[in-house]
Amino acid sequence: MPSMDNESSNVSQAEEIKVQANEAFKAHKYGQAIDLYTQAIELNSQNAVYWANRAFAHTKLEEYGSAMQDATKAIEVDPKYSKGYYRRGAAYLAMGKFKEALKDFQQVKKICPNDPDATKKLKECEKAVMKLKFEEAISVPESERRFVADSIDYHSIGTSPRSSSMPTQVGIAAVAVAFVAVLAMMLGAAAATMVAAVVVVVLGTWWWGGSTEVEPQYSGAKIEGDVVTLDFVKKMMDDFKNQKCLHKRYAFQIVLQMRKMLRSQPSLVDINVPDGSHFTVCGDVHGQFQLCFFFLDNTAILICLMFYDLINIFELNGLPSEENPYLFNGDFVDRGSFSVEVILTLFALKCMCPSAIYLARGNHESRSMNKIYGFEGEVRSKLSEKFVELFAEVFCCLPLAHVINQKVFVVHGGLFSVDGVKLSDIKAIDRFCEPPEEGLMCELLWSDPQPFPGRGPSKRGVGLSFGADVTRKFLQDNNLDLIVRSHEVKDEGYEIEHDGKLITIFSAPNYCDQMGNKGAYIRFEAPDLKPNIVTFSAVPHPDVKPMAYANNFLRMFQ
């Protein structure tokens, strides 16, 4: 009898805790909600609702691996509980596993045949799978793929004959051939050749001379020649502040220059900060375009996310320079709806002063993520389809990690599934590809720290989790002092873990306009490189919601 009373008490207590967890979820306190759902599960593990609700909270924190595990457990507890399949399907979808998601939504429809919401989501999932199959059918093998960058002549983009879409050399050659043919008939071959040579020189000069022209009605920022200047960057940022577009010609020029610059860099970049100088590291920005630069003592730079703050502070304090260097640690794009403005600003600043800005690849600088989380749709809307391919090519050129003064290792995600990885192994990675689903490159972009020793499965479903012992050994093996990484939302914008040897830094305040978190950045002073962490809050921005350009199916779950 006492046993039955205890069981009844546990069930009742679990329900009370579930109510608290639901309130925490509504307040966007997803970590707290997960802890409370866990307490409810410990009291009553045979309630599928608790597992499904915790899966939903994991999804909100982008912990899709954990969400799939919880949803699967909900299905095991109650095979007829539709939300178990629903939550697992949503997690599969977020990871780009459309075929697996389709199976779960087919099961939801089977359990709830008259549910219009289930019907709608199933149809969208079927469309996504059909699109994926079509793309696979028409895809070109990697060995046969040609770089779209090699087909672009940005000089020729405009509306006048001199800036038509025809490549300059082709146009000149065609006109020259026709001209020589006419002269040959009139004057003979020798005289025709001499006259044609002069005409081709004049024609080429005229054509190239007109290559800087764009539509006369375009009043935005212009690059004079091949050099990105401070005046151009200021004008471009002012245009972005007023929600104006940059001409495609200059966008092409910036992105192509970045590609050339990045291709010459190694996969692991060494950064030297002279004694008495500083260096600033920033985390994810995710295209929210709250990009802002704060200056301390007119030197230290903070990059967060509200571009509209950036303009005012730039006007007061100036732009970054060789004396004010900083590093963006990946995930520049996706989720936020101003990714195009963010990436063009960062690229333009690096073109202007390469040693002032360092850029690292994040897991969202990839085709698969960009298809789902909005960057691809935004680029297609604001620029063109060709830019979708071009950005994908440039993202494959981004370095994977940086080392500051041989002391601080900076990477987007984390460490590895095996011990003994040396910095030389990272330098040797062939990064010019889409991120694989396993191996060193995958783990650099996707892994997360965990509070207990050893290694464990990834809460994201990609990469792994690693403990303080793994961090300590990697630092010892490579004679390093500290790891700085990003990749995770933190309430205060940062978190210090693993006995002070690992810092997570996240620079997107109020992530996706709902998390309520602060942003943060780290300022290092040479020679000791002691980390000084500064936090900041979000600021207002135009009424354009996050995920505005995301995959239509994914937006249905937001």
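Computed from a predicted structure; not experimentally measured.
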Participant: Determine whether the aromatic ring centres of residues Phe98 and Tyr92 are separated by less than 6.0 angstrom.
Facilitator: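 No.
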Participant: At what distance, to the nearest 0.5 angstrom, does CZ of Arg259 lie from SG of Cys397?
Facilitator: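 Interatomic distance, Arg259 CZ to Cys397 SG, rounded to 0.5 Å: 6.0 Å.
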Participant: Does the pair Lys427/Asp270 count as a salt bridge with the N-to-O cut at 4.0 Å?
Facilitator: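 Asp270 and Lys427: salt-bridged.
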Participant: More than 12 foreign heavy atoms under 6.0 Å from CG of Asn479: is that the case here?
Facilitator: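 Counting neighbours around CG of Asn479, 12 or fewer heavy atoms of other residues, nucleotides or ligands fall under 6.0 Å, so no.
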Participant: Before accepting this row, confirm whether a basic side-chain N of the pair Lys29/Asp491 lies closer than 4.0 Å to the acidic partner's carboxylate O.
Facilitator: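 Between Asp491 and Lys29 there is no salt bridge, as every charged N stays at least 4.0 Å from the carboxylate O atoms.
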Participant: Looking only at the side chains, is there a donor atom on one of Thr280 and Arg523 sitting less than 3.5 Å from an acceptor on the other?
Facilitator: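 Looking only at side-chain atoms, Arg523 and Thr280 do not form any donor-acceptor pair under 3.5 Å.
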Participant: Could Glu443 and Arg455 be called an ion pair, given the rule that one side-chain N must be under 4.0 Å from one carboxylate O?
Facilitator: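 No, no charged N to carboxylate O under 4.0 Å.
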Participant: Testing the 3.5 Å rule here: is there a donor-acceptor pair between the side chains of Tyr86 and Gln107?
Facilitator: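 No donor-acceptor contact under 3.5 Å links the two side chains.
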Participant: So, for Ser366 and Arg361, which heavy atoms are closest and what is the spacing to 0.1 Å?
Facilitator: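 Heavy-atom minimum between the residues: CA-NH2, 4.3 Å.
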Participant: What is the minimum heavy-atom distance between Thr38 and Ile34, and which atoms define it?
Facilitator: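 Heavy atoms only, the tightest pair is OG1-O, 2.7 Å.
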Participant: Once you round to the nearest 0.5 Å, how far does SG of Cys396 lie from CZ of Phe432?
Facilitator: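 It is 9.5 Å, given to the nearest 0.5 Å.
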Participant: Measuring only between side-chain heavy atoms, which start at C-beta, is Asp331 closer than 4.5 Å to Ser486?
Facilitator: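 SC-SC contact between Asp331 and Ser486 ruled out.
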Participant: Around atom CD of Glu434, are there more than 12 heavy atoms from other residues, nucleotides or ligands closer than 6.0 Å?
Facilitator: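 For Glu434, atom CD is crowded (more than 12 foreign heavy atoms under 6.0 Å).
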Participant: Can you tell me which residue among His58, Gln69, Glu488 is in a side-chain hydrogen bond (donor to acceptor under 3.5 Å, both in side chains) with Lys459?
Facilitator: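 With Lys459 as partner, side-chain hydrogen bond (donor to acceptor under 3.5 Å, both in side chains) holds for just one option, Glu488.
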Participant: Can we call the ring centroids of Phe375 and Tyr373 under 6.0 Å apart?
Facilitator: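 No, ring centres 6.0 Å or more apart.
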Participant: By the definition side chain to side chain contact (heavy atoms under 4.5 Å, CB included), identify the one residue from Val462, Asp334, Leu445 that meets it with Asn363.
Facilitator: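 Result: among Val462, Asp334, Leu445, Leu445 is the only option passing the side chain to side chain contact (heavy atoms under 4.5 Å, CB included) with Asn363.
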Participant: Give a yes or no on whether Lys518 atom NZ has more than 12 heavy-atom contacts from other residues, nucleotides or ligands under 6.0 Å away.
Facilitator: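 Open: at most 12 neighbouring heavy atoms sit under 6.0 Å from NZ of Lys518.
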Participant: Would you confirm whether the ring centroid of Phe25 sits within less than 6.0 angstrom of the ring centroid of Tyr30?
Facilitator: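 So the answer is yes for these two rings.
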Participant: With a 4.0 Å cut-off, would you call Glu100 and Lys103 a salt bridge?
Facilitator: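 No, Glu100 and Lys103 are not salt-bridged.
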Participant: Run the ring pair (Phe, Tyr, Trp, His ring centres under 6.0 Å) check on Phe466 and Phe474 step by step: do they pass?
Facilitator: CA-CA 11 Å; Phe466 59 95; Phe474 176 79; 9.2 Å; no
Participant: Take Phe332 and Phe391, measure what ring pair (Phe, Tyr, Trp, His ring centres under 6.0 Å) needs, and give me the verdict at the end.
Facilitator: CA-CA 12 Å; Phe332 321 121; Phe391 275 117; over 10 Å; no
Participant: Using 0.5 Å steps for rounding, measure from the SG atom of Cys353 to the CD atom of Glu322.
Facilitator: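 Between Cys353 SG and Glu322 CD, I get 4.5 Å after rounding to 0.5 Å.
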Participant: Does the ring of Tyr358 carry Lys350 above it, NZ/CZ under 6.0 angstrom from centre and within 45° of its axis?
Facilitator: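 Here Lys350 passes the 6.0 Å and 45° test against Tyr358.
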Participant: Would you find more than 12 non-hydrogen atoms of other residues, nucleotides or ligands less than 6.0 Å from Asp499 atom CG?
Facilitator: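 No.
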Participant: Rounded at 0.5 Å granularity, tell me how far CD1 in Ile533 sits from CD in Glu495.
Facilitator: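 Nearest 0.5 Å value for the CD1-CD distance: 10.5 Å.
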Participant: To the nearest 0.5 Å, what is the distance between CZ on Arg335 and CE on Met369?
Facilitator: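 Here the rounded value is 9.0 Å.
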Participant: To the nearest 0.5 Å, tell me how far Arg431 CZ sits from Leu398 CG.
Facilitator: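 With rounding to 0.5 Å, CZ (Arg431) is 8.0 Å from CG (Leu398).
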Participant: Check this for me, if you would: do Lys473 and Asp419 make a salt bridge, where the nitrogen-to-carboxylate-oxygen distance has to be below 4.0 angstrom?
Facilitator: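 Salt bridge absent between Lys473 and Asp419.
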Participant: Closest approach of Asp481 and Lys501, non-hydrogen atoms and distance?
Facilitator: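 For Asp481 and Lys501, the tightest heavy-atom pair comes out as O-CD, 3.4 Å.
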